[in-house]
Protein chains: 4
Amino acid sequence: MIFIDYNDKRPIYEQVTEKIQTLILNGVLESDSKLPSVRSLAMELSINPNTIQRAYSELEREGFIYSVKGRGNFVKMNENLIIKEQEKLLIKFKENVEELRARGILKEQALACINEAYEEVER
Amino acid sequence: MIFIDYNDKRPIYEQVTEKIQTLILNGVLESDSKLPSVRSLAMELSINPNTIQRAYSELEREGFIYSVKGRGNFVKMNENLIIKEQEKLLIKFKENVEELRARGILKEQALACINEAYEEVER
Amino acid sequence: MIFIDYNDKRPIYEQVTEKIQTLILNGVLESDSKLPSVRSLAMELSINPNTIQRAYSELEREGFIYSVKGRGNFVKMNENLIIKEQEKLLIKFKENVEELRARGILKEQALACINEAYEEVER
Amino acid sequence: MIFIDYNDKRPIYEQVTEKIQTLILNGVLESDSKLPSVRSLAMELSINPNTIQRAYSELEREGFIYSVKGRGNFVKMNENLIIKEQEKLLIKFKENVEELRARGILKEQALACINEAYEEVER
DNA sequence: GTGGTCTAGACCACG
DNA sequence: GTGGTCTAGACCACC
């Protein structure tokens, strides 16, 4: 389910954090479902358990999961979080659009990209 | 003209590189115009000359400037580079749009962002 | 394995870069094998770690190695790279031949050089 | 006749030296013919006279030209020099061929390059 | 321990 | 004065 890209310059714990975040936000991991244990996931990806531990800590800090001592880590999903993340994404998107405009990319090109991406899904 | 944000996690040399790149691509710095010398810019930003040196090296490697020993660094602009950078930007944009869609943001919202950014300029 | 020639006018980092490149391209260093750490190689060659760092950065930029923070630098070999380097070499070779011709060296002499070099290996 | 390439990383005086050398060795400049004066060539290329001076000094040191005080610089051609330069070229060529072989380029490819370059001239 | 960035200060080649 | 390289020494993030 998770893959580590050693060509990616980002730290491993961040890659893991982000991948799990995406799985949660895209609804692949349901609320209250159990995540793999720190040690088992570490073994599966053949990386240091500390790294997984750090990823899980980050996720907990950001409110994506909760941990129960002696039982494991679980997905904590709620509408608020989804909305907050959507807002973050939109802010990033607006900055991106602004950059496009500043660099002389036409409105039509931008619109075409959107149509392209969204029509794909209707198929 | 250039500002260093010490809260930004990116390295200083990268911030400088990116800022100058933007100045060139947005047409603020014209082709063959002279950039400030390594030492003077370092002093102005109160950072080490080596850091500016590195930024300038990156810019040269990427084809944005050329350096002449004993004379200075100069802007090297050409159409190809502008187009190549626009393509890069569009690819990044498409990924961004794709992410929006995956996270459940409606097409209408995306279109609204674009209209907003591009209408601003018509005013 | 690596030697620095202080009579060579080229910068040290470039000599190191080139030597390691050759080791990789000639198959001496296998894919995914670990390179010596920045500090240890610096000590071995009794030069500054920054210089090795720079050599490694260049190698990474050119796609010969990849670095993993906290782990080390590793050889990244692939067929594409070998072919690309062969093409570069051939282009350089053609320029060289062209120069020979312009300077009045006979075709026979050039052919003799090639026979000499390639026969050596058949022995 | 001479062009300075500011994208070339070599120093200007070296570019000038090399270009004039080539002109001499290829027989474009005949023996005892007068070279342009330091100042006029400097003006023509819009570079510093010191730079031309240095190029001419190098050429004199290597035996390609001789200078007569108050009269100017003149081409000094002789068979020995041509042969010496040819030998230099051949040594460089042999190294190049050796490199080709080490990198796994086939003898046939090398021969093809030579045939190509030399047949062109027969046309 | 690893790589990566930065500073301070020095030296060289070039124009 | 200009860019380019190098050293020495430091600090940080990551594993």
Side-chain angles (χ1 to χ4, degrees), chain A residues 4 6 9-16 42 45-55, chain B residues 4 6 8-17 34-43 45-60 65-74, chain C residues 4 6 8-16 34-43 45-60 65-74, chain D residues 4 6 8-16 42 45-55:
Chain A
I4 291 173
Y6 284 103
K9 297 311 299 174
R10 290 176 312 165
I12 296 176
Y13 82 89
E14 203 178 310
Q15 287 189 47
V16 174
L45 304 176
S46 50
I47 58 179
N48 196 308
N50 290 331
T51 309
I52 300 295
Q53 187 51 59
R54 175 151 184 195
Chain B
I4 292 173
Y6 285 100
D8 194 330
K9 289 168 311 174
R10 289 178 312 164
I12 298 177
Y13 79 90
E14 205 178 306
Q15 289 186 46
V16 174
T17 305
K34 190 176 179 305
L35 293 167
S37 82
V38 170
R39 287 163 173 84
S40 70
L41 185 53
M43 211 137 74
L45 303 177
S46 42
I47 58 179
N48 192 289
N50 284 332
T51 308
I52 299 294
Q53 178 72 270
R54 174 151 187 196
Y56 278 7
S57 301
E58 301 269 333
L59 286 167
E60 186 177 18
I65 68 177
Y66 61 92
S67 82
V68 186
K69 241 188 188 162
R71 299 240 250 143
N73 290 276
F74 303 87
Chain C
I4 292 173
Y6 284 100
D8 194 330
K9 289 169 311 177
R10 289 178 313 163
I12 298 177
Y13 80 88
E14 206 178 306
Q15 289 186 45
V16 175
K34 192 176 178 305
L35 293 167
S37 82
V38 170
R39 287 162 175 81
S40 70
L41 185 52
M43 212 138 73
L45 303 177
S46 43
I47 58 179
N48 193 289
N50 284 332
T51 307
I52 299 294
Q53 179 72 269
R54 174 150 187 197
Y56 279 7
S57 301
E58 301 269 333
L59 286 167
E60 187 177 18
I65 68 176
Y66 61 93
S67 82
V68 185
K69 242 187 186 164
R71 299 239 251 142
N73 291 276
F74 303 88
Chain D
I4 291 174
Y6 284 102
D8 194 328
K9 299 310 297 173
R10 289 177 311 165
I12 296 175
Y13 81 88
E14 204 178 309
Q15 286 188 48
V16 174
L45 303 177
S46 49
I47 59 179
N48 195 308
N50 289 331
T51 309
I52 300 295
Q53 187 52 60
R54 176 153 183 192

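- Proximity of C:Pro36 to C:Tyr56: side-chain heavy atoms (C-beta onward) are separated by under 4.5 Å at one or more points.
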message = What verdict does the side chain to side chain contact (heavy atoms under 4.5 Å, CB included) test give for B:Leu45 and B:Ile52, after you've listed the backbone C-alpha separation in whole Å, the side-chain angles of each residue and the deciding distance to 0.1 Å?
response = CA-CA 9 Å; B:Leu45 303 177; B:Ile52 299 294; 4.0 Å; yes
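- Nucleotide E:dT2 holds its C1' atom 14 Å from the CG atom of C:Leu41, rounded to whole Å.
- Applying the side chain to side chain contact (heavy atoms under 4.5 Å, CB included) criterion to C:Ser67, with sequence neighbours excluded, gives A:Lys9, C:Glu60, C:Asn73.
- To the nearest 0.5 Å, atom CD of residue B:Gln53 and atom CZ of residue B:Arg39 are 8.5 Å apart.
- Separating the CD1 atom of C:Ile52 from the P atom of E:dT2 is a distance of 13 Å, rounded to the nearest angstrom.
- Taking atom CD1 of residue B:Ile65 and atom C1' of nucleotide F:dT2, one finds them 13 Å apart after rounding to whole Å.
- Contact of the D:Val16 side chain with the D:Thr51 side chain is not registered, since no non-hydrogen atoms from C-beta on lie closer than 4.5 Å.
- At a threshold of 4.5 Å between non-hydrogen side-chain atoms, the residues C:Ile65 and C:Leu35 count as touching.
- Across the protein-nucleic acid pair, B:Asn73 atom CG and E:dC14 atom P stand 17 Å apart, rounded to whole Å.
- B:Tyr56 places its OH atom 11 Å from the P atom of F:dG4, with the value rounded to the nearest Å.
- With a 4.5 Å cut-off on side-chain heavy atoms, C:Glu58 and C:Arg54 count as touching.
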ask   = According to the Watson-Crick and G-U wobble definition with distances under 3.5 Å, which dot-bracket string, read 5' to 3', encodes DNA chain F, using [ ] for crossing pairs and | for pairs with another strand?
value = ||||||||||||||.
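- Within the 4.0 Å cut-off from OP1 or OP2 of E:dT2, at least one side-chain nitrogen or oxygen of C:Ser37 is found.
- Distance check: B:Glu14 CD to B:Ile12 CD1 gives 11.5 Å after rounding to the nearest 0.5 Å.
- Separating the CG atom of C:Leu35 from the P atom of E:dG1 is a distance of 19 Å, rounded to the nearest angstrom.
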ask   = Which parts of nucleotides 5-15 of chain F does protein reach within less than 4.0 Å, heavy atoms only, written one letter per nucleotide 5' to 3' as B for base, S for sugar-phosphate only and - for none?
value = BBBBB----BS
